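Each remark here refers to the structure printed beneath this line.
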Amino acid sequence: MAAEEEVNWGFYLRCLSTNARESGIDPASDPSLLNSIRKLCDICREGSSEDLVARVYPYVNKLFHRCINFVPQSRASNGLFLLAILQFFLDFGEAVLHDSDPSLTAFFRTCLSQEFSDPLVGEATVDFIKKNKTKITNSFPSLLPQFFPLLLKLIAWNGEKVEKSFLEILPSMMSNGSFLPLFPSLIDLPILVMALEKVERSSGTLIGSSIASIQKSTAPEMLLALMDEAYTGSTIDDRGGDSGSDDNNTIDIADPSFLDILKDENDGLPERHRTSSALTEAIQAATNTSQSNRLKQALKMTPRLLDVYFSAALQDVNDSLICSVIPLIMSRNSIMFPDKNFSFEVRRRLLEFISAVFQRSPSFIALLKKPIIDRLGETRENMAKTELALNLCWVIGEHGAGGISHKNAARELFESLELLLYENLATSRLGMESHIDSNDAVSRKSLQVRLLCFVVTAIAKLATFHRELLPRARVSLSKVARSRKSDRRVWSRACDYLGLMNEPALCQTILGPTDDPNMTSAGMVNWHNRGSKMIAHIPFYILNEQEGPPFHDFSFSDILPTHKTSL
């Protein structure tokens with residue numbers, strides 16, 4: 001070690017030892033102490049000496065525990081100071097046999113829960129996790145999944161300035177225990193912003209006091225009622241005006257749904273806050289007032305967070321969890337913050353993920369037939385549910401209700417499609433309800449026609465997969481073809497499919513599975529070889545096995561065998 005470095009080393013070490021002996025002083029109140037710890041970390045890292053680390057560790061460890069004890073009553077920000085010590089623990093913990101798990105947990109539970117709204121601490125925390133993501137994920141895999149609600153509060157409050165780094169650490173928050181509850185928490189990020197802003201309006205700045213302490217001081221009896229509800233199943237009374245706030249258009253601090261939104265840890269409780277009338281009123285009120293900058297940022301960030309969530313899910317999450325999240329996605333498709341652009345962007349991603357999952361694992365259709373059938377029965381409730389049903393119809397038809405081996409599921413889904421067709425067929429040509437706005441009525445009618453076209457297609461494709469359903473499919477499509485009330489587009493599609501069913505090979509080629517390797521019978525086209533097959537207006541079976549560049553100008557003598565006759 002150079003002489004100058006040794007002088008600096010001694011100065012920084014004396015600074016640590018002096019503060020470590022002064023037990024009655026908050027370490028975070030001395031700004032020079034933070035600089036000393038950072039410098040010592042750099043010197044230990046550059047020197048690669050276990051002796052240097054061993055001399056620093058006792059002082060750093062003592063200062064960490066004392067700072068944690070000072071957090072509840074400290075007026076200074078402790079986050080940056082504790083993060084510097086945590087970096088020392090992660091870098092040199094193995095050399096001094098220090099287990100960093102309790103230290104990291106203490107930081108999240110004690111300090112970050114109070115200082116997540118501090119912009120400096122929030123940004124530093126996200127950068128700290130990003131820098132040490134591999135080490136934290138490998139050595140402490142349950143840490144980030146446990147505290148994902150607190151990290152969501154951090155990005156909800158700090159907004160887009162920490163988004164880029166947050167997107168990189170989001171996959172690390174996903175585990176077997178957090179994957180399912182993380183999904184509704186991401187969709188409800190705008191609602192979390194509303195809840196945090198309500199706390200700030202009611203109780204002052206969020207920096208320096210945890211949400212839990214605010215709730216205790218405001219309504220301790222509500223926490224007891226929550227415990228009573230959890231253990232006995234009793235119902236929490238609606239306290240009406242006892243909220244402690246004059247703002248009747250925002251969330252009641254004492255409302256149990258509010259407490260559930262603002263929790264810091266993933267405790268495994270099922271989502272229940274959507275049943276709260278106070279929350280419903282607050283969301284409705286938010287749509288009638290100007291949006292805050294934080295809320296606007298949350299509305300933009302949520303679709304991007306869902307992109308990362310779904311991408312990581314398709315790559316890393318096991319099939320059982322993927323299958324479990326699909327019903328949750330279906331139920332939340334029509335339940336989200338009522339902003340038009342936000343709803344469109346989120347729903348588009350939900351439907352794309354559902355399609356991607358069923359494309360990868362068609363057997364899930366048979367496993368999830370009950371929630372799928374339930375969703376098909378909700379098409380009349382609103383346009384979002386109609387759009388979901390439309391996509392499910394496409395999935396059912398495209399993948400044959402899970403495949404050729406799932407005949408029972410195919411029959412049940414086919415019956416649901418029949419019922420959906422008959423229920424909507426009579427109204428497909430009728431006007432919508434008189435009380436609906438004309439533009440909305442046009443949109444609903446257009447969506448209903450699209451739905452019926454998809455239902456007709458799904459019925460035809462499902463019967464092509466499972467040939468025992470062909471007689472029933474012909475009956476269903478014939479009813480559409482004979483109906484004078486059906487829309488012209490629906491009628492035309494039904495007639496086309498009836499005509500195809502009279503040519504089994506053509507029907508199997510066009511409506512059957514496109515990736516079936518066994519499609520070798522006469523009259524059927526292997527679409528993978530479509531570039532070398534001739535295309536014309538004559539039936540496919542005449543052109544079977546005729547290779548060469550596609551062309552249209554030819555005579556039948558080019559494809560029909562010639563027979564010479566003797567004179």
Side-chain angles (χ1 to χ4, degrees), residues 326-327 330-331 333-335 347 351 354-355 358 365-366 368-402 408-438 440-466 468-498 501 511:
I326 295 297
M330 292 179 185
S331 64
N333 180 69
S334 59
I335 306 175
R347 287 194 180 105
L351 297 178
I354 291 175
S355 298
F358 287 134
I365 301 173
L368 299 172
K369 65 180 180 182
K370 179 61 169 62
I372 291 176
I373 291 173
D374 291 342
R375 300 288 87 80
L376 293 179
E378 297 175 350
T379 58
R380 290 179 174 272
E381 294 185 14
N382 55 56
M383 295 177 67
K385 293 185 177 182
T386 304
E387 190 72 34
L388 173 61
L390 184 150
N391 282 267
L392 292 176
C393 289
W394 181 89
V395 165
I396 293 170
E398 184 68 14
H399 304 295
N408 290 334
R411 178 181 50 78
E412 294 183 43
L413 291 168
F414 186 90
E415 292 172 353
S416 297
L417 291 173
E418 280 184 319
L419 181 60
L420 184 59
L421 176 65
Y422 297 150
E423 285 180 342
N424 289 271
L425 185 60
T427 60
S428 64
R429 227 166 161 47
L430 301 179
M432 305 304 291
E433 295 86 350
S434 58
H435 65 278
I436 297 179
D437 178 78
S438 59
D440 196 18
V442 172
S443 299
R444 291 196 181 192
K445 177 163 178 57
S446 175
L447 186 58
Q448 186 188 34
V449 171
R450 288 177 58 216
L451 173 66
L452 287 176
C453 287
F454 274 64
V455 171
V456 168
T457 301
I459 287 175
K461 291 177 73 71
L462 201 55
T464 306
F465 269 87
H466 305 274
E468 66 276 7
L469 298 174
L470 272 174
R472 295 179 61 174
R474 285 194 176 96
V475 171
S476 300
L477 298 180
S478 297
K479 290 184 177 180
V480 178
R482 292 195 300 265
S483 174
R484 296 183 179 180
K485 296 181 179 180
S486 60
D487 186 271
R488 178 74 181 179
R489 289 162 288 184
V490 181
W491 174 86
S492 176
R493 186 161 297 195
C495 292
D496 290 342
Y497 293 146
L498 281 172
M501 288 178 180
L511 298 179

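This one's a predicted model, so the numbers in the text were calculated from it and none came from an experiment. Below, each value reflects all heavy atoms present in this structure, side chains not excepted, and no hydrogens, waters or symmetry copies.
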Criterion side-chain contact (heavy atoms from CB on, under 4.5 Å) on Leu420 and Cys393, from CA distance to verdict: CA-CA 10 Å; Leu420 184 59; Cys393 289; 4.0 Å; yes
Any donor-acceptor pair under 3.5 Å from Lys461 side chain to Leu511 backbone: yes
Check: Arg489 side chain, Leu452 main-chain N or O, donor-acceptor pair, under 3.5 Å: no
Nearest non-hydrogen partners of Trp394 and His399, listed with the distance: CZ3-NE2, 4.4 Å
Sub-4.5 Å side-chain heavy-atom contact between Lys385 and Asn333: no
Short side-chain to backbone donor-acceptor contact, Thr464 and Ala460, under 3.5 Å: yes
Separation between OG of Ser492 and OH of Tyr497, rounded to the nearest 0.5 Å: 9.5 Å
Heavy-atom check, side chain of Asp487 versus side chain of Val490, under 4.5 Å: yes
Verdict with reasoning, Leu392 to Met330, per side-chain contact (heavy atoms from CB on, under 4.5 Å): CA-CA 10 Å; Leu392 292 176; Met330 292 179 185; 3.8 Å; yes
Note, Leu451 side chain near Leu447 side chain (heavy atom, < 4.5 Å): no
Distance (rounded to the nearest 0.5 Å) between Met383 CE and Ser334 OG: 13.0 Å
Residue pair Ala473 / Met501: nearest heavy atoms and the distance that separates them: CB-CE, 4.0 Å
Distance in Å, Ile365 CD1 paired with Glu398 CD, rounded so as to fall on 0.5 Å steps: 9.5 Å
Electrostatic pair Glu415-Arg472, nearest N-O below 4.0 angstrom: yes
Gap separating the OG atom of Ser416 from the CZ atom of Arg375, nearest 0.5 angstrom: 12.5 Å
Closest approach of Leu390 to Arg450 (non-hydrogen atoms, all atoms of both residues): CD1-CB, 3.6 Å
Nearest heavy-atom neighbours spanning Ser476 and Tyr422: OG-OH, 3.1 Å
Side chains of Asn391 and Ile354 in contact at under 4.5 Å (non-hydrogen atoms): no
Verdict with supporting geometry, Asn424 and Arg380, side-chain contact (heavy atoms from CB on, under 4.5 Å): CA-CA 9 Å; Asn424 289 271; Arg380 290 179 174 272; 4.1 Å; yes
Residues Glu387 and Arg347 bridged, charged N to O under 4.0 Å: no
Considering all heavy atoms, the nearest Gly400-Leu462 contact: C-CD1, 3.6 Å
Leu368 CG to Asp374 CG distance, which is reported to the nearest 0.5 Å: 11.0 Å
Test side chain to side chain contact (heavy atoms under 4.5 Å, CB included) applied to Leu388 and Asn382, Leu351, Thr379, the passing residue: Leu351
Shortest non-hydrogen contact between Leu498 and Ala481, atoms and distance: CD1-CB, 4.0 Å
Flag side-chain contact, heavy atom, 4.5 Å: Ile326 against Ile372: no
Step-by-step side-chain contact (heavy atoms from CB on, under 4.5 Å) determination, Ile396 to Leu376: CA-CA 11 Å; Ile396 293 170; Leu376 293 179; 4.1 Å; yes
